[in-house]
Structures are given as C-alpha cells and as structure tokens.
Amino acid sequence: MSETHTQISEPVADVLTDHGVRPTSQRETVYRSLLERRDHPTADEVFARVRENAPTISLATVYNCLDVLVQHKLVKAVNFERAPTQYCANLAPHAHFHDEAGRTLDIEMPSGVINQLRDLLPQDFDVKHIEVNFHGRAPDS
C-alpha cells in the first residue's frame with residue numbers, strides 16, 4: 001500500500017491519441033507526471049512537479065489538462081469530503097484508503113467484489129461506476 005513508481009511502456013502521445021485527446025506538450029507532461037508516480041496528487045502537487053520540466057506552465061493549464069484527462073477516462077478524479085480533488089492514474093478496479101495522515105492508497109479489489117456490490121442494487125438500476133473509499137489510520141502512520 002505504498003506509492004508506486006511506474007515505467008511507462010507506451011509513448012504518452014500515443015496513449016492520448018488512442019483516447020481521442022490531441023497530444024500537446026502540456027498534456028503529455030501532466031499525464032506523464034501522474035503515470036510516473038502513482039500517489040494521488042492534487043492539482044497543486046501536479047503543478048509543482050511539472051514546473052521542473054515545464055517552467056512556463058500555469059496552474060490554469062494544469063487544471064485544464066487534468067480536466068481533459070478525466071473527461072477522456074485516462075485518470076480518475078478522487079474526492080474525499082472537503083479535501084481537494086486528487087488524481088489517480090490507476091484504471092484497474094480498486095478502492096481507495098484515505099488515512100488520517102492525508103495519504104491516499106490504492107487497495108486492490110478483485111472483479112468478483114465489484115460484481116457483488118453491483119448485485120446489491122435492484123436489476124433496473126444502471127450502474128455507471130462504483131467507488132469504494134475507506135477512511136482510517138494506516139499501520140505506518
């Protein structure tokens with residue numbers, strides 16, 4: 001349950017294009033920052049990261065890039081009560097654990113669990129997505 005550093009196997013521009021997003025240097029930089037460190041950053045944290053490689057990028061541009069990535073289902077927006085939105089590049093079925101120290105961790109959820117949750121609803125409900133969030137204290141916090 002720790003932050004994951006990921007090697008990017010496919011060129012970011014190709015992934016964006018495959019999802020109907022016009023690749024721009026700003027979008028590539030923002031998306032790459034989310035793929036490289038899977039730690040659920042806020043827009044401000046993404047902004048701080050990408051400024052190292054793109055010193056002229058604005059916070060507004062980072063927000064716009066994140067909006068596009070969310071709209072095209074390349075990342076998920078994760079919200080916890082009154083906290084700022086966090087961004088998650090892990091698209092596999094999973095839950096989130098939000099600990100008292102402010103960290104958000106991915107929790108694997110087998111597809112069978114997701115199907116069991118979906119089955120709790122009456123048949124005529126049309127489920128678009130399921131979000132499962134846990135709140136508490138992680139053992140190392």
Side-chain angles (χ1 to χ4, degrees), residues 1-121 123-141:
M1 284 195 325
S2 63
E3 173 183 316
T4 304
H5 293 274
T6 306
Q7 292 288 49
I8 301 169
S9 59
E10 189 176 351
V12 171
D14 291 349
V15 175
L16 293 173
T17 301
D18 291 348
H19 283 83
V21 176
R22 185 173 55 83
T24 64
S25 63
Q26 295 94 340
R27 288 175 181 163
E28 289 180 41
T29 300
V30 168
Y31 188 43
R32 187 176 290 107
S33 77
L34 294 169
L35 292 173
E36 288 173 347
R37 280 182 59 195
R38 303 274 179 106
D39 61 345
H40 307 85
T42 65
D44 288 336
E45 291 167 337
V46 172
F47 177 61
R49 287 181 196 170
V50 300
R51 288 213 37 177
E52 294 174 16
N53 296 320
T56 60
I57 198 166
S58 70
L59 181 58
T61 298
V62 169
Y63 271 104
N64 290 336
C65 291
L66 290 168
D67 285 343
V68 167
L69 295 172
V70 169
Q71 287 172 10
H72 286 86
K73 299 184 181 359
L74 287 162
V75 299
K76 295 177 188 176
V78 179
N79 296 294
F80 295 103
E81 296 173 12
R82 294 184 176 142
T85 299
Q86 297 174 298
Y87 296 90
C88 178
N90 180 357
L91 299 179
H94 69 282
H96 289 109
F97 184 91
H98 189 69
D99 77 5
E100 294 170 348
R103 294 176 302 162
T104 301
L105 308 169
D106 287 346
I107 306 297
E108 269 188 64
M109 287 193 60
S111 61
V113 172
I114 304 261
N115 291 334
Q116 288 175 340
L117 291 172
R118 188 177 282 121
D119 291 345
L120 294 173
L121 294 172
Q123 265 188 324
D124 56 341
F125 280 57
D126 183 21
V127 177
K128 300 292 184 204
H129 69 277
I130 296 172
E131 291 181 24
V132 177
N133 298 314
F134 299 93
H135 298 266
R137 185 174 53 230
D140 60 345
S141 57

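No experiment lies behind these values; they were computed from the predicted model shown.
- The side-chain contact (heavy atoms from CB on, under 4.5 Å) check on A43 picks up Y63, L66, Y87, with sequence neighbours excluded.
- Side-chain contact between L34 and R37 is absent, with no heavy-atom pair separated by less than 4.5 Å.
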Cut-off 3.5 Å, no hydrogens considered: what does the side-chain donor-acceptor table look like for residues 113-121, sequence neighbours left out?
{"unit_1": "N115", "atom_1": "OD1", "unit_2": "R118", "atom_2": "NH1", "d": "3.2"}
{"unit_1": "N115", "atom_1": "ND2", "unit_2": "S111", "atom_2": "O", "d": "3.4"}

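- For the pair E45 (side chain) and T42 (backbone), a donor-acceptor distance under 3.5 Å is present.
- For Q86, the side chain to side chain donor-acceptor pair (under 3.5 Å) partners are T104, not counting sequence neighbours.
- The minimum heavy-atom distance linking A54 with T29 is given by the pair CB-CG2, 4.5 Å.
- Take T85 and apply the side chain to side chain donor-acceptor pair (under 3.5 Å) test, not counting sequence neighbours, and it matches N79.
- Using cut-offs of 30° and 60° on the angle between ring planes, the pair H135 and F80 is perpendicular.
- Atoms NZ and CG, from K128 and D126 in turn, are 3.5 Å apart once rounded to the nearest 0.5 Å.
- Ion pairing of D44 with R49 is absent here, as no side-chain N (NZ or NE/NH1/NH2) approaches a carboxylate O to less than 4.0 Å.
- For S58, the side chain to side chain donor-acceptor pair (under 3.5 Å) partners are T61, not counting sequence neighbours.
- Here A48 pairs with nothing under the side-chain contact (heavy atoms from CB on, under 4.5 Å) rule; sequence neighbours left out.
- In the model, H96 has a side-chain atom that pairs as donor or acceptor with a side-chain atom of H40 under 3.5 Å.
- Side-chain atoms of H94 come within 3.5 Å of backbone atoms of A92 as a donor-acceptor pair (strictly under, hydrogens ignored).
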